[in-house]
Amino acid sequence: MRFAIGATAFLAAAVVRADEEASSSVPDVESSTSSALVKPTFTPTTLKAPFLEQFTDDWESRWKASSAKKDDKSTEEEWAYIGKWAVEEPTVLKGINGDKGLVIKDKAAHHAISAKFPKAVNNKGKTLVVQYEVKLQEGLECGGAYMKLLQDNKALHAEEFSNSSPYIIMFGPDKCGATNKVHFIFRHKNPKTGEYEEKHLKNPPMARIVKTTSLYTLIVKPDNTFEIKIDGESTRNGTLHEDFTPSVNPEKEIDDPKDTKPENWVEEARIADPEAKKPEDWDEDAPFEIVDDEAVKPEGWLDDEPLSVPDPEAEKPEDWDDEEDGDWIPPTVPNPKCDEAPGCGKWESPMKKNPAYKGKWTAELIDNPAYKGVWAPRKIKNPDYFEDKTPSKFEPIGAIGFEIWTMQNDILFDNIYIGHSVEDAEKLRADTFDVKLAAEKAEEEANAPKPADPPKSPSDLVFKDDPVLYVKEKVNLFIEIAQRDPIEAVKFVPEVAGGIGVLAVTILAILISAIVGGGAAAPSKEQVKATAEKAKKAAVDAKDKAAEAVATGTEKSQAEINKRSTRSSAS
């Protein structure tokens, strides 16, 4: 037993040595070099705008958290804006070193913060551009990440900012459950009543729920057209007159609320023919189906076989007590004989449709001579009608605010642009968002889990990866091929062939020493050295023969390929 174990270990070592020597001339082309991702450093922009925020060190001079109570009419409870804010670098996929943003710090909390503009933003006759970055570091399952542009108001105080503060535009992503959209809502003032009404975009785009930074851009032009971009790509465009609900301008005419439908008004377009009579031979009692008297029982029908039989494999439970539980009855299973036959049990003629069936008689429908059409109240001029030809001329905007409830924390806002220049907004995007996103995606890709390597064939295995598997697979492959063709086995797995040669010589040397030496004294150093030299020479010869066999096989294969190529080109 000990000799068998030692021989196996020796064979493994010999196979490894043969493999290492065979592969020693092959250069190692793989390199595991890795370098840290180089990220840019934040540099404040030199662009100017009515409001441009990058959350530099003096951010607290502009932004104030609210201490107001949230006015929620849907419940009697009062909600306080207790959520904390911070300005810090992102902790997930940081794109630019030193680049900070405004961050929501608490989960499941109400947050409110605002910043007053140095001067009210008035877009009369100008394009309005609103752009900002959103980074969902913890994703977004339920909550908002939208901004509000607040109505310019002398009574506007940051510490009192809440959900009831009047705003002009609400814009940005919102997701909860099945709801996932980018809000674009503007408050419109009725020029007749002075009341405000929210106008919601009918078909808003979906928000990007990713952990890399997203860029949201809104452009409203003086001709009442708008465009929404996400990450610089246009996702929605239209007009303020046509794509919002309720409509900006009411209908010119409305239904007269005083008009009522006359009592004799007939709205039935078709009626039963009053002159129609049921034919005398019409049988309303005739059944829909009758027995098919012409049907014949299929040949092979098993009349005496039941549809189900006791399960022959069922066994009475060991704890079954006939006295307490009664006689045990095995469960039934479908009769297997019925599967091979047309059917089992008593055969009965099938049913067929009754040719005499006519059903319930009804008179045919005819056009109603008294029909007057579908009644509708008459139209009158809408007393509340007005026409606002320039809804894009928003009222002056005095501040920006984030008033949010969310189940996720670490939502980050950055690079806010409120102004009138599309070109400047695009320049800011190129200098900040584009650079940042590229760095974030590079880091995301670098940190992505590597795909699992496919299973290796025995010829692809490396000893140092898994020594036991290496030896096992090589030996098994050699044996499998040798059973069909020993020469082919030597060609394809020369490592094992060489190992076997070394093992055979070693065993022979041990046996000769045992027979010749018998009870004699232990061999001298010279004898041991001579035996080792013989074993080494035998191993080299075996390896050379294996290499020669492989080379011969390769030459034969190449010759066959050349022969086929020649035939192919000749034909």
Side-chain angles (χ1 to χ4, degrees), residues 36-63 85-104 113 115 117-118 121 127-138 140 145-147 149 169 171-173 182 205 207-220 227-235 400-402 404 410-446:
L37 296 172
V38 178
K39 297 181 180 180
T41 302
F42 171 72
T43 303
T45 183
T46 57
L47 293 171
K48 303 297 181 182
F51 184 80
L52 202 161
E53 180 61 79
Q54 293 189 296
F55 296 100
T56 48
D57 293 340
D58 59 344
W59 71 275
E60 289 182 299
S61 65
R62 297 179 294 276
W63 293 84
W85 297 87
V87 168
E88 60 190 24
E89 293 185 56
T91 57
V92 177
L93 300 176
K94 181 171 67 172
I96 299 176
N97 288 324
D99 186 19
K100 298 179 180 180
L102 180 66
V103 181
I104 289 176
I113 194 170
F117 296 163
V121 176
T127 296
L128 177 65
V129 182
V130 180
Q131 180 172 283
Y132 74 118
E133 294 175 0
V134 178
K135 186 174 179 64
L136 307 172
Q137 299 184 88
E138 299 297 329
L140 186 63
Y146 45 80
M147 67 158 63
L149 298 182
I169 289 176
F171 173 63
V182 178
R208 299 277 171 89
I209 311 301
V210 292
K211 292 189 178 181
T212 53
T213 300
S214 296
L215 183 73
Y216 294 91
T217 307
L218 170 65
I219 303 171
V220 182
E227 182 179 18
I228 295 176
K229 294 182 179 182
I230 302 179
D231 295 351
E233 297 178 1
S234 181
T235 57
I400 178 176
F402 292 99
I404 290 170
D410 287 343
I411 299 174
L412 182 147
F413 306 105
D414 197 7
N415 292 315
I416 304 171
Y417 176 93
I418 312 293
H420 307 294
S421 174
V422 175
E423 293 75 17
D424 283 355
E426 290 180 348
K427 179 68 167 58
L428 181 64
R429 183 200 78 200
D431 293 343
T432 57
F433 172 74
D434 291 350
V435 175
K436 181 182 301 183
L437 184 63
E440 290 176 350
K441 287 189 173 180
E443 181 181 346
E444 187 176 46
E445 185 177 348

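All values below come from the heavy atoms of this structure, side chains included, with hydrogens, waters and symmetry mates left out.
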Residues two or more places apart in sequence or in another chain: which of them pass side-chain contact (heavy atoms from CB on, under 4.5 Å) with Ala207?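 Residues passing side-chain contact (heavy atoms from CB on, under 4.5 Å) with Ala207: Pro173, Asn180, Val182, Ile209, Tyr216.
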
Got [X] and [Y] here, is their nearest side-chain heavy-atom distance under 4.5 Å?
X: Ile228; Y: Phe171; answer: yes
X: Phe413; Y: Ile113; answer: no
X: Phe433; Y: Asp414; answer: no
X: Leu412; Y: Glu133; answer: no
X: Arg429; Y: Thr217; answer: no
X: Leu93; Y: Lys135; answer: yes
X: Glu53; Y: Ile400; answer: no
X: Asp410; Y: Val103; answer: yes

Between Glu227 and Ser234, is there a side-chain donor-acceptor contact under 3.5 Å, judged purely by atom types and distance?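 There is such a pair (donor and acceptor under 3.5 Å, judged by atom type) between the side chains of Ser234 and Glu227.
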
Are a donor atom and an acceptor atom from the side chains of Thr213 and Glu440 found within less than 3.5 Å of each other?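 Short answer, yes.
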
Which heavy atom of [X] sits nearest to which heavy atom of [Y], and what is that distance?
X: Leu47; Y: Asp424; result: CD1-O, 3.5 Å
X: Lys436; Y: Asp99; result: NZ-OD2, 2.8 Å
X: Val121; Y: Pro50; result: CG2-CB, 3.8 Å
X: Ile96; Y: Val435; result: CD1-CG1, 4.4 Å
X: Ala115; Y: Phe51; result: CB-CZ, 4.2 Å
X: Ala145; Y: Tyr132; result: O-OH, 2.7 Å

Are more than 12 heavy atoms, taken from residues, nucleotides or ligands other than Lys100, located less than 6.0 Å from that residue's NZ atom?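 12 or below, so no.
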
Counting only heavy atoms not in Asp58, do more than 12 fall under 6.0 Å of its CG?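 Above 12, so yes.
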
Would you check if the side chain of His420 reaches a backbone N or O of Thr127 as a donor-acceptor pair within less than 3.5 Å?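 A pair under 3.5 Å: yes.
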
Can you list the steps and then say if Phe402 with Ile416 is a side-chain contact (heavy atoms from CB on, under 4.5 Å)? CA-CA 12 Å; Phe402 292 99; Ile416 304 171; 4.0 Å; yes

Approximate separation, where rounding is to 0.5 Å, of [X] [atom1] and [Y] [atom2]:
X: Asn415; Y: Thr45; atom1: CG; atom2: OG1; answer: 8.5 Å
X: Leu149; Y: Ile418; atom1: CG; atom2: CD1; answer: 5.0 Å
X: Thr212; Y: Leu437; atom1: OG1; atom2: CG; answer: 5.5 Å
X: Asp231; Y: Arg208; atom1: CG; atom2: CZ; answer: 5.0 Å

What pairs of donor and acceptor atoms, side-chain ones from residues 85-92 against any protein atom, are under 3.5 angstrom apart with sequence neighbours left out?
residue: Glu88; atom: OE2; partner: Lys105; partner atom: NZ; Å: 2.9
residue: Glu89; atom: OE1; partner: Lys94; partner atom: NZ; Å: 3.2
residue: Glu89; atom: OE1; partner: Gly98; partner atom: N; Å: 3.1
residue: Thr91; atom: OG1; partner: Gln137; partner atom: OE1; Å: 3.3

